[in-house]
**Student:** 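Dropping the structure in here first, questions after.
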Amino acid sequence: MTSTGALHGGPDETGAALHDFSTNGNAVGACPAAVAALRAVDAAHYPDPRYMSLRERLAAFHGVAGERIVIAASASEFIHRISAAVAQRGGRQVWLPAHSYGDYERAAQAWGLQVLRAPEPHDGAGLHWCCEPSSPLGQAQADLALHAQSGGTCVLDMAYEPLRLEGQASLDAAQRNRVWQLWTPNKAMGLTGIRAAYAIAPDDAAAQSLMRRLERLAPSWPIGTHGVALLETWAGDEAQAWLAQSLQTLRTWKAQQRALCESLNWQCLPSDANFFCARTDTPYTRLTTALRADGIKLRDCASFGLPGHVRLGVLPPQSQQALKEAWTHAAACTED
């Protein structure tokens, strides 16, 4: 089971790590078009409270109707909001993958929903959480099509689809139209500090009823002008061209990083995304302090239900070399 007390990767009490493998943002850097848009933001005024222009831009980008777009403060905010909506209309159970993002379970517990976790059957669950490429493994979800056809509300978390480096999506466009799609472009844009997300509702009558409930649960102005700028830029040709180019770089870095980890005798698990999990012979928890002192931070996967594993976002070669040197030195000191 996933611990509800799991710590997210990123900065900690000592600040940001020089070589932070614990997060999954685009390590190529911040998208230049998005940075320019953020610098040009007029933060002296509220954005349109209904986000009409933004919703139409996102709808055109995805080829869907504008009324299907739901603006959210972040993926986590949407996770909690749709969990609340399902609970309010009588849902009693939530189904989760065997290993998954902790906020799915935290939101369920906050609203008194019983958590079912794979391999438990999903029949009868009012809310199904799916993610592809999955978190933390970055793999395909084999039973995704079954959940898309279920009678409950199915949300497909697509946080890492824009950062897919291998493989293909399990659902085609028609199948995606039957699930809620949750998009968080800040990772792909290399700007995780900007909180903004959106969901695309399924193309059916049942989703329209749930959307009305989601609108009533939404705070005023869930995103500010900076979030609007990020999402508008994300849906533009310049940002998408930059992203496509950055994926080529990340593929090269990923191959190098896997080879380096294997040279340390780590057992690397397969992944389609810009991160992967690995099992280490030396428990990571014994080396955490030493690695952090050398500017290295990994993501311990015990909270994901994967004890003995770490998750590593793909970083540039200089960070990979720093990891090798710090790990070798820390492991030698531990043995002594």
Side-chain angles (χ1 to χ4, degrees), residues 8-11 15-16 20 23-82 84-85 103 155 157-163 180-201 211-247 249 274 313:
H8 195 281
D20 190 357
T23 63
N24 297 332
N26 190 333
V28 170
C31 172
V35 171
L38 291 167
R39 287 174 175 164
V41 159
D42 175 12
H45 298 91
Y46 289 107
D48 168 16
R50 297 193 64 194
Y51 303 101
M52 295 303 296
S53 177
L54 173 60
R55 290 171 62 193
E56 289 301 326
R57 184 172 177 84
L58 293 171
F61 177 62
H62 289 282
V64 300
E67 55 266 22
R68 291 175 59 188
I69 302 294
V70 177
I71 303 299
S74 66
S76 293
E77 186 272 322
F78 181 82
I79 290 167
H80 280 263
R81 198 189 333 165
I82 199 168
D103 273 14
V155 182
D157 189 340
M158 306 189 72
Y160 301 111
E161 184 59 36
L163 289 165
W180 288 81
Q181 303 170 48
L182 177 57
W183 292 86
T184 47
N186 58 352
K187 295 180 178 66
M189 295 288 95
L191 290 161
T192 54
I194 304 295
R195 309 299 288 165
Y198 61 97
I200 304 175
M211 280 195 71
R212 289 191 291 271
R213 191 177 293 274
L214 287 170
E215 289 174 0
R216 291 194 295 269
L217 287 167
S220 300
W221 292 285
I223 61 174
T225 51
H226 292 87
V228 171
L230 177 69
L231 295 182
E232 286 181 339
T233 306
W234 149 256
D237 292 342
E238 187 176 355
Q240 290 300 312
W242 173 87
L243 175 59
Q245 185 62 43
S246 74
L247 296 183
T249 301
N274 65 318

**Student:** Quick one: CH2 on W180 to CZ on R68, what's the gap to the nearest 0.5 Å?
**Tutor:**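 Result: 9.5 Å between the selected atoms.
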**Student:** So how far is it from D157 CG to T184 OG1, rounded to the nearest 0.5 Å?
**Tutor:** 6.0 Å
**Student:** Looking only at heavy atoms, which two atoms of M211 and A201 are closest? And how far apart?
**Tutor:**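 Nearest heavy atoms, M211 then A201: SD-CB, 3.5 Å.
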**Student:** Taking all atoms of both residues into account, what is the closest heavy-atom pair of R81 and V70, and its distance?
**Tutor:**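 Residues R81 and V70, closest heavy atoms: NH1-CG1, 4.0 Å.
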**Student:** Less than 4.5 Å apart, side chain to side chain, heavy atoms only: is that true for T233 and L38?
**Tutor:**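 Sidechains of L38 and T233: no contact.
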**Student:** List the atom of I194, the atom of N186, and the distance in Å for their closest heavy-atom pair.
**Tutor:** O-ND2, 3.0 Å
**Student:** Can you give me the closest heavy-atom contact between G313 and N24, atom names plus distance?
**Tutor:**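 Smallest heavy-atom distance, with atoms named: CA-OD1, 4.0 Å.
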**Student:** Pairs under 3.5 angstrom only: tabulate donor-acceptor contacts from the side chains of residues 234-241 to other protein residues two or more places apart or in another chain.
**Tutor:**
{"from": "W234", "atom 1": "NE1", "to": "Y198", "atom 2": "OH", "distance (Å)": "2.9"}
{"from": "Q240", "atom 1": "NE2", "to": "W234", "atom 2": "O", "distance (Å)": "2.8"}

**Student:** Output all residues satisfying side chain to side chain donor-acceptor pair (under 3.5 Å) with W242, sequence neighbours left out; order by chain, then residue number.
**Tutor:**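 By the side chain to side chain donor-acceptor pair (under 3.5 Å) rule, W242 matches no residue at all.
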**Student:** Any heavy-atom pair between the side chains of S53 and D48 that's under 4.5 Å?
**Tutor:**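 No - every pair of side-chain heavy atoms lies 4.5 Å or more apart.
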**Student:** Within the structure provided, determine whether T225 and D42 are in side-chain contact (heavy-atom separation under 4.5 Å).
**Tutor:**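 Not touching, per the 4.5 Å side-chain cut-off.
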**Student:** Pair I82, V155 - check side-chain contact (heavy atoms from CB on, under 4.5 Å), show working.
**Tutor:** CA-CA 9 Å; I82 199 168; V155 182; 3.8 Å; yes
**Student:** Is L182 close to I79 at the side-chain level, that is, under 4.5 Å between some pair of heavy atoms?
**Tutor:** yes
**Student:** How close do A188 and N26 get, counting heavy atoms only, and between which atoms?
**Tutor:** O-ND2, 3.1 Å
**Student:** Which heavy-atom pair separates V228 from P47 by the least distance, and what is that distance?
**Tutor:** CG2-CB, 4.1 Å
**Student:** Can you run down the ring pair (Phe, Tyr, Trp, His ring centres under 6.0 Å) pairs that involve residues 33-58, sequence neighbours left out, and say none if there aren't any?
**Tutor:**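 Sorted pair list: Y46-W221.
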**Student:** Does the side chain of L230 come within less than 4.5 Å of L191's, by heavy atoms?
**Tutor:**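 With C-beta onward as the side chain, the pair touches.
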**Student:** Atom CZ in R195, atom CD in E77: separation rounded to 0.5 Å?
**Tutor:**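 It comes to 10.5 Å.
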**Student:** Would you say the side chain of L231 lies within less than 4.5 Å of the side chain of P185, judging by non-hydrogen atoms?
**Tutor:**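 SC-SC contact between P185 and L231 confirmed.
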**Student:** Just how far is it from atom CD of E67 to atom CD of E56, taken to the nearest 0.5 Å?
**Tutor:** 7.5 Å
**Student:** Can you measure from CD1 (I69) to CZ (R55) and round to the nearest 0.5 angstrom?
**Tutor:**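 One finds 8.0 Å between CD1 of I69 and CZ of R55.
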**Student:** For the pair R57 (side chain) and E232 (backbone), establish whether a donor and an acceptor sit closer than 3.5 Å, ignoring hydrogens and angles.
**Tutor:**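 Yes.
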**Student:** So how far is it from I71 CD1 to E215 CD, rounded to the nearest 0.5 Å?
**Tutor:** 11.0 Å
**Student:** I'd like to know whether I223 forms a side-chain contact (heavy atoms from CB on, under 4.5 Å) with L54, so could you lay out the CA-CA distance, the side-chain angles of the two residues, the decisive distance to 0.1 Å, and finally the verdict.
**Tutor:** CA-CA 11 Å; I223 61 174; L54 173 60; 3.9 Å; yes
